[in-house]
2 protein chains.
Amino acid sequence: MSKNKLLSPFKPASHKHQKCLQSAISVAKKHCEVEGLRLTPIRQRVLELVWQSHEPVKAYDILDELKRSKSSSAPPTVYRALDFLLEEGLVHKIESLNAYIGCGNPKDIHKGQFFICHDCGSVAELDDDEIRDLLQKKAKRFGFEINDEMVEIKGYCLECRELKNK
Amino acid sequence: MSKNKLLSPFKPASHKHQKCLQSAISVAKKHCEVEGLRLTPIRQRVLELVWQSHEPVKAYDILDELKRSKSSSAPPTVYRALDFLLEEGLVHKIESLNAYIGCGNPKDIHKGQFFICHDCGSVAELDDDEIRDLLQKKAKRFGFEINDEMVEIKGYCLECRELKNK
DNA sequence: ACTGTTATGTTATAATGTAACATTTGTAGC
DNA sequence: GCTACAAATGTTACATTATAACATAACAGT
């Protein structure tokens, strides 16, 4: 079956973000349990910090937060946790921003397509086989074998555009 | 008319790269002349260095080279030249590599789609409206207005795959 | 408890990119 | 040519992002 999911849509400014966070953590716990991996306190804390919003978060911002409760934290603390979470598909890196964003669908590890609003900074994630198939088709024409993909689209989300038109 | 161009294909290892370089420089000169811009010696030199190969080049590698002939060179020397060249569509930044690659088609300033070989490091650039249209269509569904796009695909080019299969 | 593996602590440094201000060079009008 | 303004470069310092390397601690299987 072909995927065509808006994995993570733009949320209205008013949405109950606590639920997003709680759900993400419980998904992560489940995932690690099933895979026999350890969601250690540091890893979980970093994941929570990444999920503080639907905007990509910077590694050193995470570090600053970590230090508030654990002064022993250092860059490797954060980057190791992020590496683990990236590896498991629990977060994605937005390359064009050097920042990290949570992903609620670690199961089948994927690379999504990201839509990033210039105004509010929020990100929507798509996981769309039509895009992937098209890229595949294009690649095939010159004998290229795809193994990793990065699609990051910037622009303006509906909510921000409507705000501006008022 | 819809674009569907392999702007810059993978080149056989044996191709005459001098021609690529010369052509790129002459295109750049023309472009700047037409636009009333100055392709200063520094800018031209940086462009030449970016075009030393079909692999993305790192800013600090360019700097190292610049220093060999002009010890006064410093990071801003390179980044300013790159900013100018990026602005004019004479180079692109590959975000996922923090590296820069020449573009031979500055006329209508575009964002291409890049295919990057893990083995040889070479990059092919596509400028394809079918991809853009599809992304546009997807974006439209949730009211997103696209204004900038980054598509960077990694994998294995034909030549490298054939080498491995021997 | 012993042992190998995984995770974390710790220090230092590499790699990438920008701010801010001084100086020089080019250009347009006189 | 001279002047004045703008554009480009020089220079120093620093900000941001990320990794190397080695020590210690926590955990899991026997």
Side-chain angles (χ1 to χ4, degrees), chain A residues 28-29 31-47 49-50 55-88 90-101 121 150 152, chain B residues 28-29 31-33 35-50 55-88 90-101 121 150 152:
Chain A
K29 279 182 174 158
H31 172 83
C32 289
E33 200 177 316
V34 169
E35 300 288 324
L37 300 167
R38 296 165 56 204
L39 189 64
T40 63
I42 290 177
R43 288 166 177 175
Q44 180 171 335
R45 184 79 187 107
V46 168
L47 185 58
L49 290 169
V50 167
E55 301 173 35
V57 176
K58 302 244 147 199
Y60 274 73
D61 289 346
I62 294 172
L63 179 54
D64 288 343
E65 274 308 310
L66 276 189
K67 276 182 177 162
R68 295 163 70 94
S69 47
K70 251 201 148 186
S71 62
S72 73
S73 307
T77 315
V78 172
Y79 283 104
R80 282 166 181 157
L82 285 174
D83 284 346
F84 172 84
L85 298 168
L86 285 165
E87 188 73 28
E88 295 308 315
L90 292 163
V91 311
H92 294 296
K93 179 174 185 184
I94 306 294
E95 298 284 353
S96 61
L97 298 176
N98 296 318
Y100 304 84
I101 186 137
M150 192 214 81
E152 299 176 8
Chain B
K29 279 182 174 159
H31 172 83
C32 289
E33 201 177 318
E35 300 289 323
L37 300 168
R38 296 166 55 204
L39 189 63
T40 62
I42 291 178
R43 289 167 177 176
Q44 179 171 337
R45 184 79 187 105
V46 168
L47 185 59
E48 285 166 7
L49 290 169
V50 167
E55 301 173 36
V57 177
K58 301 244 147 198
Y60 274 73
D61 289 346
I62 295 172
L63 178 55
D64 289 343
E65 274 308 310
L66 277 190
K67 278 183 177 160
R68 295 164 68 96
S69 47
K70 253 202 147 182
S71 62
S72 74
S73 307
T77 315
V78 173
Y79 283 104
R80 284 166 181 158
L82 285 174
D83 283 347
F84 171 84
L85 298 168
L86 287 164
E87 189 73 27
E88 295 309 314
L90 293 163
V91 312
H92 294 295
K93 179 172 186 186
I94 306 293
E95 298 286 350
S96 61
L97 298 175
N98 296 318
Y100 303 84
I101 186 135
M150 270 137 293
E152 300 174 10

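Below, read A as the first sequence line, B as the second, and so on, with proteins coming before strands; counting in each chain starts at 1. All values derive from a computational prediction rather than experimental measurement.
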Note to self: Would you say Asn98(A) places a side-chain N or O within less than 4.0 Å of OP1 or OP2 belonging to dT16(D)?
What the structure shows: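 For dT16(D), neither OP1 nor OP2 has a side-chain N or O of Asn98(A) closer than 4.0 Å.
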Margin query: Taking 4.0 Å as the cut-off, does a side-chain nitrogen or oxygen of Tyr100(A) come that near to OP1 or OP2 on dA18(D)?
Written below: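 True: Tyr100(A) side-chain N/O within range (under 4.0 Å) of dA18(D) OP1/OP2.
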Are the side chains of [X] and [Y] in touch, meaning some heavy atoms are under 4.5 Å apart?
X: Thr40(A); Y: Arg45(A); answer: no
X: Val78(B); Y: Ser73(B); answer: no
X: Ile101(A); Y: Val91(A); answer: no
X: Arg80(B); Y: Arg43(B); answer: no
X: Leu82(A); Y: Lys93(A); answer: no

Notebook entry, point to check: Closest nucleotide of DNA chain C for Leu97(B) versus for Pro75(A): which of these residues is on the 5' side?
Noted result: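 The answer here is Pro75(A).
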What nitrogen or oxygen pairs link the protein and nucleotides 4-9 of chain C at under 3.5 Å?
{"from": "dA7(C)", "atom 1": "OP1", "to": "Arg43(A)", "atom 2": "NH1", "distance (Å)": "3.1"}
{"from": "dA7(C)", "atom 1": "OP1", "to": "Arg43(A)", "atom 2": "NH2", "distance (Å)": "3.3"}
{"from": "dA7(C)", "atom 1": "O5'", "to": "Arg43(A)", "atom 2": "NH2", "distance (Å)": "3.4"}
{"from": "dT8(C)", "atom 1": "OP1", "to": "Thr40(A)", "atom 2": "OG1", "distance (Å)": "2.7"}
{"from": "dG9(C)", "atom 1": "OP1", "to": "Lys70(A)", "atom 2": "NZ", "distance (Å)": "2.7"}
{"from": "dG9(C)", "atom 1": "OP1", "to": "Ser72(A)", "atom 2": "OG", "distance (Å)": "3.4"}
{"from": "dG9(C)", "atom 1": "N7", "to": "Arg80(A)", "atom 2": "NH1", "distance (Å)": "2.9"}
{"from": "dG9(C)", "atom 1": "O6", "to": "Arg80(A)", "atom 2": "NH2", "distance (Å)": "2.4"}

Could you give the [atom1]-to-[atom2] distance, from [X] to [N], as a whole number of Å?
X: Gln44(B); N: dT9(D); atom1: CD; atom2: P; answer: 12 Å
X: Tyr79(B); N: dT16(D); atom1: OH; atom2: P; answer: 15 Å
X: Leu82(B); N: dA8(D); atom1: CG; atom2: C1'; answer: 15 Å
X: Lys93(B); N: dT18(C); atom1: NZ; atom2: C1'; answer: 12 Å
X: Glu95(A); N: dG17(C); atom1: CD; atom2: P; answer: 12 Å
X: Asp83(A); N: dA20(D); atom1: CG; atom2: C1'; answer: 13 Å

Note to self: Checking Ala99(B) now: which residues fulfil side chain to side chain contact (heavy atoms under 4.5 Å, CB included) with it, not counting sequence neighbours?
What the structure shows: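 Residues passing side chain to side chain contact (heavy atoms under 4.5 Å, CB included) with Ala99(B): Pro56(B), Lys58(B), Leu97(B).
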Next item on the list: For residues Ser72(A) and Thr77(A), report the shortest heavy-atom separation together with the two atoms involved.
Entry: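 Residues Ser72(A) and Thr77(A), closest heavy atoms: O-OG1, 4.4 Å.
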Notebook entry, point to check: Can you name the closest pair of heavy atoms from Tyr100(B) and Val50(B) and give their distance?
Noted result: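 The answer is O-CG1, 4.0 Å.
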Notebook entry, point to check: Going by number, which of residues 57-67 of chain B have a non-hydrogen atom under 4.0 Å from DNA chain D?
Noted result: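 None, since no heavy atom is under 4.0 Å.
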Note to self: Can you confirm whether more than 12 heavy atoms, excluding those of Glu35(A), are under 6.0 Å from its CD atom?
What the structure shows: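 Yes - once you tally the heavy atoms of other residues, nucleotides and ligands closer than 6.0 Å, there are more than 12.
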